[in-house]
**Q** 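One structure follows; several queries about it will come next.
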Amino acid sequence: MKAAAFNYQKANSVQEVIQLLGRYGDNAKLMAGGQSLLPSLNMRLSNPEILIDLQSVAELKGITKVDQVIRIGAMTTHTEIENSPIIQQHFPILSEVVPHIAHRAIRNLGTWGGSCVYGDPAAEWPACAVALNGVMVIQGAQGERRVLAKDFFLDLYTTALASNEILVATEFNLSSNVTKHYFEELSRRHGDYAVTGIVCQIKLNQEVISHARIVYFSVSSTPVMALGVQESLQGKNIQSLSNTEFLANTIQTAKSEIATLADLTNSAQMKTHLVGVLLERALKHIAHQ
Ligand SMILES: Cc1cc2nc3c(=O)[nH]c(=O)nc-3n(C[C@H](O)[C@H](O)[C@H](O)COP(=O)(O)OP(=O)(O)OC[C@H]3O[C@@H](n4cnc5c(N)ncnc54)[C@H](O)[C@@H]3O)c2cc1C
């Protein structure tokens, strides 16, 4: 099938994008790499009057470090994140995630912002944004507003972004604490969307966990934080994470608090089982890192 006819405009600045969104409202669609948008137009799931191409908006591109803040521009591609020396030094987990996203051609065009705004619950970046406590930087006619990533993903393919706004970047604060990360996803073939995945960030004060973020993806309609697990990790000595009894209790907590939803090929029961499998691997790995 082919997309219905649409107009096309290349924007050169965020200001121009906002003006165009003001003029066309819900009839406009922003286009990043087109990796999800174009298939959805071809399938006639969406029928915008105009596509606003973000490829020439330089201020949306690239990764910077200013003081203790790492900023990923919305138009930064998956491949650029993988290869960024800043990311490799400060959040190597993000570079490690990239090979799990689709295939090279898609990674060369697909963007951080496109993935976050699309809000696919099986995508890696939304879960990473929540686990690393990212701040979504949004620009609209009224100026800039900032939304914590944990409050940005509202439902299936639905975010806190209004139709007259653009996601400009995501910012991450660097911590002075020793920080440990873990990422794993289970998928049928490498590069496929995950059946279930986990992203963890653990901050330590000496050997004691001062802050834990445990986030699952591809289990529900958004990334899901395991709040009970996070609470049970708080204040624990890192070595105790691999204690058999503690592990069993924590896995039980995760399985009972994550309300998994079936997808087209995997049952909710299977995802609940994988929630436990991934948590056990994550905690054992972090304890011995
Ligand atoms: C075959 C295939 C396999 C894939 N496998 C995976 C996978 O395993 N894991 C994974 O995470 N992803 C996967 N993807 C998704 C892909 O990695 C892209 O991240 C995703 O499609 C978004 O693409 P894009 O950046 O080109 O955004 P687009 O497709 O251009 O846009 C996506 C949506 O976001 C909106 N948008 C884009 N940028 C902005 C912005 N800055 N502000 C506001 N709105 C914006 C657009 O209007 C559109 O609604 C796959 C895609 C394909 C086609």
Side-chain angles (χ1 to χ4, degrees), residues 3 6 8-11 13-14 16-18 20-21 24-43 45-62 72-82 94 97-129 136-140 144-145 147 152-153 156-170 183 185-197 199 217-218 223 263:
F6 53 80
Y8 169 90
Q9 177 128 10
K10 200 172 240 191
S13 67
V14 169
E16 191 184 346
V17 173
I18 288 163
L20 288 165
L21 287 174
Y24 291 98
D26 287 348
N27 295 321
K29 269 274 176 201
L30 301 183
M31 184 171 75
Q35 296 302 291
S36 291
L37 181 64
L38 295 181
S40 77
L41 296 190
N42 287 341
M43 288 188 278
L45 297 172
S46 167
N47 189 12
E49 185 184 331
I50 182 169
L51 285 194
I52 303 168
D53 189 345
L54 303 178
Q55 286 292 346
S56 301
V57 184
E59 59 206 287
L60 295 174
K61 293 185 179 174
I72 302 181
M75 283 298 289
T76 309
T77 65
H78 309 322
T79 298
E80 286 164 347
I81 293 172
E82 182 179 20
L94 296 179
V97 165
V98 175
H100 296 271
I101 303 176
H103 308 286
R104 179 54 73 196
I106 291 164
R107 298 199 287 266
N108 286 343
L109 282 171
T111 64
W112 171 270
S115 175
C116 288
V117 174
Y118 192 57
D120 188 325
E124 288 83 356
W125 287 153
C128 291
M136 314 304 275
V137 184
I138 295 168
Q139 192 84 32
E144 185 182 287
R145 69 185 181 105
V147 177
F152 184 75
F153 303 99
L156 195 68
Y157 303 113
T158 308
T159 69
L161 199 75
S163 60
N164 60 354
E165 292 180 319
I166 175 172
L167 178 71
V168 172
T170 301
F183 168 86
E185 71 175 45
L186 302 167
S187 57
R188 284 179 182 265
R189 291 173 309 183
H190 188 82
D192 281 3
Y193 277 107
V195 175
T196 300
V199 193
F217 59 101
S218 206
D263 60 31

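Whatever order the structure lists them in is the order used to number ligands and atoms, beginning at 1.
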**Q** Under 4.0 Å between a side-chain nitrogen and a carboxylate oxygen: does that hold for Glu165 and Arg145?
**A** yes
**Q** Measure from every N or O atom of ligand 1 to the protein's N or O atoms and keep only the pairs below 3.5 Å, writing each with atom names and distance to 0.1 Å.
**A**
from, atom 1, to, atom 2, distance (Å)
ligand 1, 8 (O), Ala102, N, 3.3
ligand 1, 8 (O), Gly191, O, 3.4
ligand 1, 9 (N), Glu124, OE1, 2.7
ligand 1, 11 (O), Glu124, N, 3.4
ligand 1, 11 (O), Glu124, OE1, 2.7
ligand 1, 12 (N), Tyr193, OH, 3.4
ligand 1, 14 (N), Tyr193, OH, 2.9
ligand 1, 17 (O), His78, NE2, 3.0
ligand 1, 19 (O), His78, NE2, 3.0
ligand 1, 21 (O), Ser36, N, 3.2
ligand 1, 21 (O), Ser36, OG, 2.3
ligand 1, 25 (O), Thr111, N, 2.7
ligand 1, 25 (O), Thr111, OG1, 2.6
ligand 1, 26 (O), Gly33, N, 2.9
ligand 1, 26 (O), Gly34, N, 2.9
ligand 1, 26 (O), Gln35, N, 2.9
ligand 1, 29 (O), Gln35, N, 3.1
ligand 1, 29 (O), Ser36, N, 2.8
ligand 1, 29 (O), Leu37, N, 2.7
ligand 1, 30 (O), Ala32, N, 2.8
ligand 1, 30 (O), Gly33, N, 3.4
ligand 1, 30 (O), Gly34, N, 2.8
ligand 1, 41 (N), Leu167, O, 2.9
ligand 1, 42 (N), Leu167, N, 3.0
ligand 1, 47 (O), Leu30, O, 2.5

**Q** Show the numbers, then the answer: is there a side-chain contact (heavy atoms from CB on, under 4.5 Å) between Val168 and Val17?
**A** CA-CA 11 Å; Val168 172; Val17 173; over 6 Å; no
**Q** Please identify each residue that fulfils side chain to side chain contact (heavy atoms under 4.5 Å, CB included) with Ser46, with sequence neighbours left out.
**A** Lys29, Ser40, Leu41, Pro48
**Q** Can you list the residues that meet the salt bridge (Lys or Arg N to Asp or Glu O under 4.0 Å) rule with Glu59, with sequence neighbours excluded?
**A** none
**Q** Do the side chains of Phe183 and Glu124 get nearer than 4.5 Å, heavy atoms only?
**A** yes
**Q** So, using side chain to side chain contact (heavy atoms under 4.5 Å, CB included) as the criterion, who are the partners of Asp192 when residues are at least two apart?
**A** Ser187, Arg188, Arg189
